[in-house]
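Single-structure report; data block below.
Side chains are part of it too, since the values below use all heavy atoms of this structure and drop only hydrogens, waters and symmetry mates. Naming: A, B, ... by sequence-line order, numbering from 1 per chain. Keep in mind it's a predicted model, so treat the numbers as computed, not measured.
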2 protein chains.
Amino acid sequence: MATIAQVALFAGVSTATVSRALNKPDVVDEKTKAKVREAVDALGYRPNQVARGLASRSSRTVGVVINRFDSAYYGQMMQGAEKGLRSVGYKTIAESTCEHADGERAAWNSLLDRQCEAIILHADALSDDELRELYKARRNTVLMNRYHPDFADRCVYLDNIKGGQLAGEYLLSKGHRSIATITGPSSYYEARDRLTGLRQSLANAGIELDPALVEEGNFRDDMGFTCMNRLIDSGKTLSAVFCQSDEMAAGALDACRQRGVRVPEDISVLGFDGLDLAYHLTPKLTTVRQPLREIGEAAGLLAYAVATKSTDHSDIKRIFAAEVVERSSVRDLNDGS
Amino acid sequence: MATIAQVALFAGVSTATVSRALNKPDVVDEKTKAKVREAVDALGYRPNQVARGLASRSSRTVGVVINRFDSAYYGQMMQGAEKGLRSVGYKTIAESTCEHADGERAAWNSLLDRQCEAIILHADALSDDELRELYKARRNTVLMNRYHPDFADRCVYLDNIKGGQLAGEYLLSKGHRSIATITGPSSYYEARDRLTGLRQSLANAGIELDPALVEEGNFRDDMGFTCMNRLIDSGKTLSAVFCQSDEMAAGALDACRQRGVRVPEDISVLGFDGLDLAYHLTPKLTTVRQPLREIGEAAGLLAYAVATKSTDHSDIKRIFAAEVVERSSVRDLNDGS
DNA sequence: AGGGTTGATGTAAGCGTTTACATATGCCTA
DNA sequence: TAGGCATATGTAAACGCTTACATCAACCCT
């Protein structure tokens with residue numbers, strides 16, 4: 001609770017000298033520094049970072065606005081972002097929005113009011129147009145795991161098209177030809193991209209994705225359940241279904257179990273995300289993993305670069321690639337032949 | 001980026017009046033307020049919360065130090081805490097520590113330097129003695145889901161003894177008599193308490209817990225796997241095992257599957273925590289749920305009370321009760337008789 | 001010896017607010 | 001009409017730092 005003035009008094013120097021001794025040690029005399037150190041220790045002085053921020057107009061803080069904390073998906077990105085920021089001495093002030101556009105806007109504003117030097121936004125609800133407005137108003141926003149064409153250099157994201165391709169190629173490589181998919185909402189570009197990627201990979205193999213085999217879900221497990229049931233009811237032959245999220249895959253697995261279809265013997269199921277959840281499912285889910293922690297960390301680093309106005313941040317990775325984590329929910333059809 | 005001085009100039013009043021118009025509207029004239037409002041709108045003025053905090057010496061911020069964000073367990077508490085804090089207009093500045101005592105101490109200090117008015121600590125690594133020191137130094141710390149006898153009124157936590165009892169009583173009610181348990185590390189009071197509770201409930205039914213049937217795990221799934229194997233290998237008869245975490249239960253389920261013991265036909269498995277994970281396991285795991293979001297929210301509210309030095313916070317719930325969430329991993333032995 | 005460097009420190013003006021205190025105006029009452 | 005009291009506003013001093021600028025001493029060079 002001691003102030004810099006008290007330290008200065010104790011050490012018999014001016015506050016400016018104390019400040020310099022602490023912040024730019026090379027410009028102050030060794031003996032003076034010793035006196036200051038002594039005073040600091042004696043008084044248990046710790047600089048008030050808020051005052052420091054006000055005076056130096058740099059809060060060393062960035063805001064994170066995120067849908068929610070209590071899901072592994074967001075949690076991993078949050079973890080990565082905070083880690084990245086912490087590694088450069090920045091603090092993370094976090095706000096959840098419960099998937100509400102008003103919440104996202106309000107959080108963005110109030111974090112700026114707190115003098116956050118940059119904002120990491122995981123915007124689910126805000127439209128591209130609104131994001132453009134925000135970005136115009138204050139150019140210090142970083143989009144985490146979302147791509148926006150107008151400020152691509154402020155986006156850290158997964159290449160979803162490649163992710164979809166990877167899913168398709170993997171299934172193809174295991175001998176699957178009749179492939180179904182349960183997508184996310186078509187209003188999400190992630191969902192569209194993954195579908196596009198899947199289509200492309202099939203097309204490369206001369207296969208067209210049967211429209212009757214694509215069900216639109218919402219990334220959540222109950223829709224995985226519903227869509228899988230629809231797929232089964234359709235009576236179409238299908239050997240594999242690619243779910244655009246692990247949660248939907250979990251629902252799909254439940255549906256299969258209830259209907260007596262065995263996974264992977266009768267139908268193979270491939271997930272997407274690579275959450276811990278996938279590991280705990282039965283059968284253990286083969287899935288396309290997004291490197292969420294890495295994406296979060298990169299977003300943190302990019303936010304730091306933005307905050308410090310460092311012009312060159314070409315060293316920060318912004319586009320990430322998915323990878324398949326092979327477990328036991330996809331059958332290798334080549335084996336049996 | 002407008003400052004209060006510019007607003008004052010624009011409105012033709014003093015900065016003090018602008019400040020009052022914004023913060024205590026009832027003491028300023030209606031016409032003046034209108035002028036101020038106009039100026040605020042015209043200039044797009046938004047008060048600098050950092051400066052405001054410095055001047056009024058209240059940052060309206062509390063710090064949360066937590067092990068990590070990327071697990072459902074911590075995520076839920078984090079979600080609750082942030083929600084509680086947000087509901088009273090406070091910001092959450094969060095730091096993860098990766099289960100490291102140094103990290104917890106460093107985070108605690110640096111958050112205080114940032115003028116957090118209270119700290120919510122989920123301390124895993126810090127010992128009771130160290131916590132006592134911290135608390136002595138600054139009495140504005142709240143312990144989230146941890147109990148410390150020396151400052152019980154600053155703790156929000158689950159009644160783990162009752163939780164253990166509940167587990168025992170539930171198993172008993174389903175007709176189980178040979179009960180095994182896989183505990184957390186005995187260095188954790190939670191683990192000891194849950195075990196105590198289990199013992200008590202069995203004792204009430206005239207049963208003594210067989211020491212050979214208690215395995216010490218570490219709350220994580222690999223140890224659940226290992227311990228379950230040991231239990232099976234022991235050759236002892238047991239009809240149910242109570243795992244002190246859902247993760248360990250997941251591991252235990254895996255072990256059973258590998259060894260060909262059916263759950264719940266051959267052995268029943270009861271979890272603890274009530275994470276989403278439990279729902280996705282096969283069979284769906286019956287578990288003793290801790291209300292983690294509620295605990296987090298209460299911690300947030302208590303932190304607020306501490307921050308505002310409100311003397312009476314008897315309305316804030318501090319001790320929470322677990323509840324069993326019934327699913328399909330525990331067999332009802334009464335049925336078959 | 002005088003002028004120019006260099007290095008170390010002090011002085012004081014911010015940073016953008018809040019707030020105690022002073023001042024001014026109008027109104028009521030005796 | 002003077003005194004007292006509200007009410008509304010302004011003045012200026014904080015809050016705890018940083019930092020541009022001024023100052024001063026010591027040293028070096030010609």
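Taking the nucleotide of DNA chain D with the nearest heavy atom to each of A16(A) and A16(B), the more 5' of the two is matched to A16(B). If you find the closest nucleotide of DNA chain C to T17(B) and to T17(A), the one lying nearer the 5' end belongs to T17(A).
Regarding contacts with the backbone of dT19(D), a side-chain N or O of K24(A) is found under 4.0 angstrom from either OP1 or OP2. Contact between the side-chain N/O atoms of T3(A) and the OP1/OP2 oxygens of dG16(D) is not found at any separation under 4.0 Å.
Taking the 5' to 3' direction, DNA chain C first and last meets chain B under 4.0 angstrom from a heavy atom at dG16(C) to dA20(C).
For the contact set between residues 107-118 of chain A and DNA chain D, defined by any heavy atom under 4.0 Å, there are no members. In the region residues 34-57 of chain B, proximity to DNA chain D at under 4.0 angstrom, judged on heavy atoms, holds for L54(B), A55(B), R57(B).
Counting to the nearest Å, the P atom of dA8(D) and the CG atom of D26(B) are 10 Å from each other. Atoms NZ (K31(B)) and P (dT7(D)) sit 17 Å apart, rounded to a whole Å.
Of all non-hydrogen atoms in Y45(A) and T3(A), the two that sit nearest each other are CE1-C, 3.6 Å. Closest of all the heavy-atom pairs between L126(A) and E104(A) is N-OE1, 3.0 Å. Residues P25(B) and K33(B) come closest through the heavy atom pair O-NZ, 2.9 Å. Nearest heavy atoms, D128(B) versus P149(B): OD2-CD, 4.4 Å.
Residues S58(B) and E117(B) form a side-chain contact, since some pair of their non-hydrogen atoms from C-beta on lies under 4.5 Å apart. A heavy-atom distance below 4.5 Å is found between the side chains of W108(A) and L134(A).
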| said: Between V64(A) and E82(A), does the side chain to side chain contact (heavy atoms under 4.5 Å, CB included) criterion hold? Intermediate values first, please. | reply: CA-CA 9 Å; V64(A) 173; E82(A) 194 268 343; over 6 Å; no

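Ring geometry for Y147(B) against Y189(B) counts as tilted: the plane angle lies between 30° and 60°, on a 0 to 90° scale.
For the side chain to side chain donor-acceptor pair (under 3.5 Å) criterion with N145(B), the lone passing option out of Y73(B), Y74(B), Y157(B) is Y73(B).
Summarising the geometry, atom OG1 belonging to T17(A) is positioned 9.5 Å from atom CD1 belonging to I4(A); distances are rounded to the nearest 0.5 Å.
Using modelled atom types and a 3.5 Å distance limit, the side chains of T61(A) and R114(B) yield a donor-acceptor pair.
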